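Remarks on the structure that follows.
Since the model is a prediction, treat every value here as computed from it, not as a measurement.
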Amino acid sequence: MRKLIVIAVLLGCYPMLLVSALWPAPLLFGVIAALSYAAEYAASRVAGRLPELLGKVHLGVTLRFTARQVMALLLVARTAGPDSPWFVALAAGMFGVHGVRAVHTGLALRLRQMLGSMPVSTRNLDVSALRIPKMPPRWLRDARSLRFLYLDTLPVLGAAAGAVMAASGLVVAASGAVVAAIGAGLALALGAAGALALIPYVRRALPLTDKARVIEVVSEQVKAYRPEVILYFSGVTSAAYQARMWLPPLERIDRRAIVVLRERGMAAHLEPSTLPMVCIPSSADLMSFRALSSAKLCLYVANVGRNVHMLRIPTLRSAFLNHGDSDKEASFNPFSRVYDEVWVAGPAGRDRYRRAKVGVRDENIHEVGRPQLEGISTQGPGLPYRTVLYAPTWEGWSDDLFHTSLITMGPRLVRALLDHDPPLRVIYKPHPLTGHRDRRALRAHRRIVAMIEAIELAKSKARHPSSAAGGTPQIRHLVVTGSEPHLYDCFNQCDLLISDISSVVADFLASEKPYAVTNVAGLPEHAFHERYPSAEAGVLLGEDLAGLAEFLDGEDTLARARIKLRSYLFGPEYPDALTRFNAAIERVLSGS
């Protein structure tokens with residue numbers, strides 16, 4: 001509703017500006033113009049995609065600002081007269097502002113093109129020889145030049161101010177346009193200064209268009225590092241978590257690892273890491289990038305089409321790590337047989353491929369543990385109340401891969417948790433790809449977020465202070481939609497987990513805490529456990545939320561089952577997972 005109100009105010013200002021300019025009513029014009037600027041600013045921040053939709057029906061931001069300027073000219077024409085030389089100066093100044101904005105946009109686009117089209121970009125490698133220039137401030141490099149549009153506040157509000165002074169008798173009517181013309185001149189000067197400020201950045205970035213030189217410098221640095229292991233990743237930015245989870249283990253292995261990315265800007269979505277990273281968007285550049293020839297092993301974390309470009313390099317042995325170890329179909333995808341090896345966490349992963357019979361040979365499967373899980377605590381947060389983490393998966397690429405509980409029971413489940421007596425703390429962390437395919441999942445997600453935000457808002461308005469004298473602290477629910485806090489940090493902050501069939505369930509077993517799994521498909525319990533072994537040590541929740549009361553309030557009788565299942569999923573506790581992961585890498589590199 002707030003979005004629609006902002007857009008309604010924004011669009012409603014323009015007919016009122018026209019009426020007040022033709023009337024003329026300078027003071028009213030100035031008030032409405034100021035309101036229109038405020039509405040424009042608010043729309044860009046709170047109205048979501050609605051301003052973008054206005055552009056699609058030819059009511060874009062440039063047209064809206066131009067219309068406001070035309071109405072300011074009408075006001076000056078009605079008050080000072082169109083024959084005034086200052087009226088002509090005002091019109092020329094406004095036209096000039098759009099001219100310098102066009103120049104600035106061209107320079108900003110050129111700068112972005114030069115920096116964004118580098119054949120190879122890097123992180124944690126010394127490429128100082130390229131002399132990559134520092135980026136100008138964000139507002140200055142914005143190719144949309146929106147801030148330049150706001151320069152027209154000087155002539156537009158100046159026109160209103162001049163007309164008001166003329167109407168008040170402070171100046172003659174013809175002189176009222178002087179204020180507007182001076183404002184236009186200042187706007188033009190400021191716009192020209194902004195455009196000129198970009199020229200040095202463009203000149204310094206010009207050498208980066210030399211493709212051969214850029215590849216040569218980066219190649220020299222990669223060769224000097226002599227990588228032995230490659231972590232390869234391609235995908236959308238929302239899937240960056242798939243590579244992110246493997247960075248800490250690779251930092252700790254005994255061999256030199258490098259990360260190879262394919263999408264520009266992907267490195268910015270990965271957590272801080274000491275690992276060198278190279279981004280090579282072009283498949284031709286990747287396959288001819290000889291600097292990686294020292295590496296003998298390439299690790300893949302997702303089955304994507306662009307994997308084929310690296311798989312074609314005959315000197316690299318390929319191993320599929322996956323980005324999670326779960327009972328979902330992605331953990332026994334038939335595409336996995338294109339890799340030389342498939343690395344799974346424990347015996348459960350091997351058995352999945354055996355049961356699926358997708359062509360992956362048993363001797364090519366190696367159990368390497370889940371080294372990411374070492375920081376997961378077996379203790380709860382120790383708060384006076386219990387914390388429940390609800391971490392549903394996403395809707396999958398097709399209905400055959402549909403495991404999310406969001407659509408069928410998510411909002412009802414969260415409402416039951418929020419209404420539970422005694423009170424529980426709820427942490428809600430949806431999958432990063434939630435709503436990627438099915439809008440119903442996105443709507444359910446938004447309902448849950450609104451539910452939690454409403455409770456937190458009500459508590460803040462009530463202003464019930466936390467008791468510092470031994471009372472129960474106020475419960476604060478949490479919605480986690482970004483990469484922070486990390487999923488495993490959420491594990492450590494909770495006492496109970498409710499999730500869907502996914503690697504979240506498997507990883508949570510490292511904590512040995514109670515968990516519940518949603519039965520979205522409505523399978524009989526024995527059939528569900530047979531199909532999804534990772535759920536065997538958890539409580540099963542039906543669509544009618546049957547089992548929830550037992551899970552929250554009943555006795556924990558599955559502690560031993562969780563410890564046993566943990567060994568089945570992740571392998572033996574000794575040697576630890578990092579040692580086994582490191583040993584698998586050594587085996588490949590040593591050729592044994």
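Between the side chain of Ser234 and the main chain of Arg262, no donor-acceptor pair closer than 3.5 Å is present. The backbone N or O of Ala391 sits less than 3.5 Å from a side-chain atom of Ser499, completing a donor-acceptor pair. With Asn492 contributing its side chain and Gly380 its backbone, the two residues share no donor-acceptor pair below 3.5 Å. The closest donor-acceptor contact from the side chain of Thr434 to the backbone of Trp394 lies at 3.5 Å or more, if one exists at all. Not one N or O on the side chain of Asp340 forms a donor-acceptor pair closer than 3.5 Å with the backbone of Arg317. Using modelled atom types, no side-chain atom of Lys513 and backbone atom of Phe508 make a donor-acceptor pair closer than 3.5 Å. Checked by atom type and distance alone, the side chain of Ser377 pairs as donor or acceptor with a backbone atom of Gln379 at under 3.5 Å. Judged purely by atom type and a 3.5 angstrom limit, Arg244 uses its side chain to pair as donor or acceptor with the backbone of His269. In this structure a side-chain-to-backbone donor-acceptor pair under 3.5 Å is missing from Gln493 to Pro381. No donor-acceptor pair closer than 3.5 Å links the side chain of His323 to the backbone N or O of Ala302.
Nearest heavy-atom pair, Leu558 versus Val539, reported as atom, atom and distance to 0.1 Å: CD1-N, 4.3 Å. For the pair Lys3 and Ala47, the tightest heavy-atom approach, listed with the atom from each and the gap, is CG-CA, 3.7 Å. Scanning all heavy atoms of the two residues, the minimum distance from Cys490 to Leu389 falls at CB-CD2, 4.0 Å.
Atom CD of Glu550 has 12 or fewer neighbouring heavy atoms from other residues, nucleotides or ligands inside a 6.0 Å radius. Heavy atoms from other residues, nucleotides or ligands lying under 6.0 Å from CZ of Arg264 number more than 12. In Arg439, the CZ atom is not crowded: 12 or fewer heavy atoms of neighbouring residues, nucleotides or ligands sit closer than 6.0 Å. In the displayed structure, Glu530 atom CD is contacted under 6.0 Å by at most 12 heavy atoms of other residues, nucleotides or ligands.
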Working for side chain to side chain donor-acceptor pair (under 3.5 Å), residues Thr378 and Glu512:
CA-CA 6 Å; Thr378 57; Glu512 301 179 4; 5.4 Å; no
Does the side chain to side chain contact (heavy atoms under 4.5 Å, CB included) test come out yes or no for Phe551 and Leu496, once each step is laid out?
CA-CA 9 Å; Phe551 175 62; Leu496 307 166; 3.7 Å; yes
Audit row: Val479, Met451, side chain to side chain contact (heavy atoms under 4.5 Å, CB included) steps and yes/no:
CA-CA 11 Å; Val479 175; Met451 243 187 278; over 6 Å; no
Full working for side chain to side chain contact (heavy atoms under 4.5 Å, CB included) between Asp495 and Leu424:
CA-CA 10 Å; Asp495 302 285; Leu424 302 167; over 6 Å; no
Is there a side chain to side chain contact (heavy atoms under 4.5 Å, CB included) between Thr481 and His445? Walk through the geometry before answering.
CA-CA 10 Å; Thr481 54; His445 160 72; 3.9 Å; yes
Run Arg562 and Glu536 through salt bridge (charged side-chain N to carboxylate O under 4.0 Å, His left out) and show every step you take.
CA-CA 8 Å; Arg562 291 194 296 272; Glu536 288 182 358; over 6 Å; no
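Under the 6.0 Å cut-off for aromatic ring centres, Trp246 and Phe581 qualify, their centroids lying closer than that. Between His403 and Tyr532, the ring centre distance stays below 6.0 Å. Between Phe332 and Tyr353, a ring centre-to-centre spacing not shorter than 6.0 Å is recorded.
Atom CG of Leu417 sits about 12.0 Å away from atom CD1 of Ile427, to the nearest 0.5 Å. Here Tyr300 contributes atom OH and Met310 contributes atom CE; the two are 6.0 Å apart, rounded to the nearest 0.5 Å. Residue Arg352 holds its CZ atom at 6.0 Å from OG of Ser326, rounded to the nearest 0.5 Å. Considering CD of Gln372 and CG of Leu487, their distance stands at 11.0 Å, rounded to 0.5 Å. We find the OG1-CD1 distance between Thr518 and Ile501 to be 7.5 Å, quoted to the nearest 0.5 Å. From Ile280, atom CD1 reaches atom OG of Ser121 across 9.0 Å, with rounding to the nearest 0.5 Å.
Relative ring orientation between Phe491 and Tyr488 is described as tilted, the plane-to-plane angle lying within the 30° to 60° band. Ring geometry for Tyr241 against His431 counts as perpendicular: the plane angle is over 60°, on a 0 to 90° scale with 30° as the lower cut. Using cut-offs of 30° and 60° on the angle between ring planes, the pair Tyr390 and Tyr428 is parallel.
Taking the charged nitrogens against the carboxylate oxygens, Arg306 and Glu263 do have a contact shorter than 4.0 Å, which makes a salt bridge. Salt bridge absent: Asp142 and Arg147 never bring a charged side-chain N and a carboxylate O closer than 4.0 Å. No salt bridge links Arg580 with Asp576; every basic N to acidic carboxylate O contact stays at or beyond 4.0 Å. Look at Arg531 and Asp327 and you find no salt bridge, because none of the NZ, NE, NH1 or NH2 atoms lies under 4.0 Å from a carboxylate O. By the 4.0 Å N-to-carboxylate-O rule, Arg350 lies close enough to Asp362 to be salt-bridged with it. Taking a cutoff of 4.0 Å between a charged side-chain nitrogen and a carboxylate oxygen, Lys296 and Glu228 do not qualify as a salt bridge. Between Arg440 and Glu395 no salt bridge is recorded (no basic side-chain N to carboxylate O distance below 4.0 Å).
Using modelled atom types and a 3.5 Å distance limit, the side chains of Thr408 and Glu543 yield no donor-acceptor pair. Remark: the Glu573 side chain and the Ser567 side chain contain no N/O donor-acceptor pair separated by less than 3.5 Å.
Partners of Arg45 by side-chain hydrogen bond (donor to acceptor under 3.5 Å, both in side chains), not counting sequence neighbours, listed by chain and number: Tyr41. A search for side-chain hydrogen bond (donor to acceptor under 3.5 Å, both in side chains) contacts involving Asp126 returns Ser128, not counting sequence neighbours.
Taking 4.5 Å as the limit, some side-chain heavy atom of Ser534 sits within range of a side-chain heavy atom of Leu569. For the pair Leu457 and Glu453, the minimum side-chain heavy-atom distance is 4.5 Å or more. Between Val301 and Leu231 there is a side-chain heavy-atom pair separated by less than 4.5 Å. When side chains are defined from C-beta on, Arg361 does not count as touching Arg337, because their heavy atoms never get closer than 4.5 Å. Using a 4.5 Å cut-off on side-chain heavy atoms (C-beta onward), Ile498 and Leu413 make contact. Inter-residue side-chain proximity for Val480 and Pro485 is flagged as met; some heavy-atom pair is nearer than 4.5 Å. The shortest side-chain heavy-atom distance between Arg370 and Asp507 falls under the 4.5 Å cut-off. No side-chain heavy atom of Glu341 sits under 4.5 Å from any side-chain heavy atom of Ser318.
The side-chain contact (heavy atoms from CB on, under 4.5 Å) test with Tyr339 singles out one residue from Leu299, Asn364, Asn307, and that residue is Asn307.
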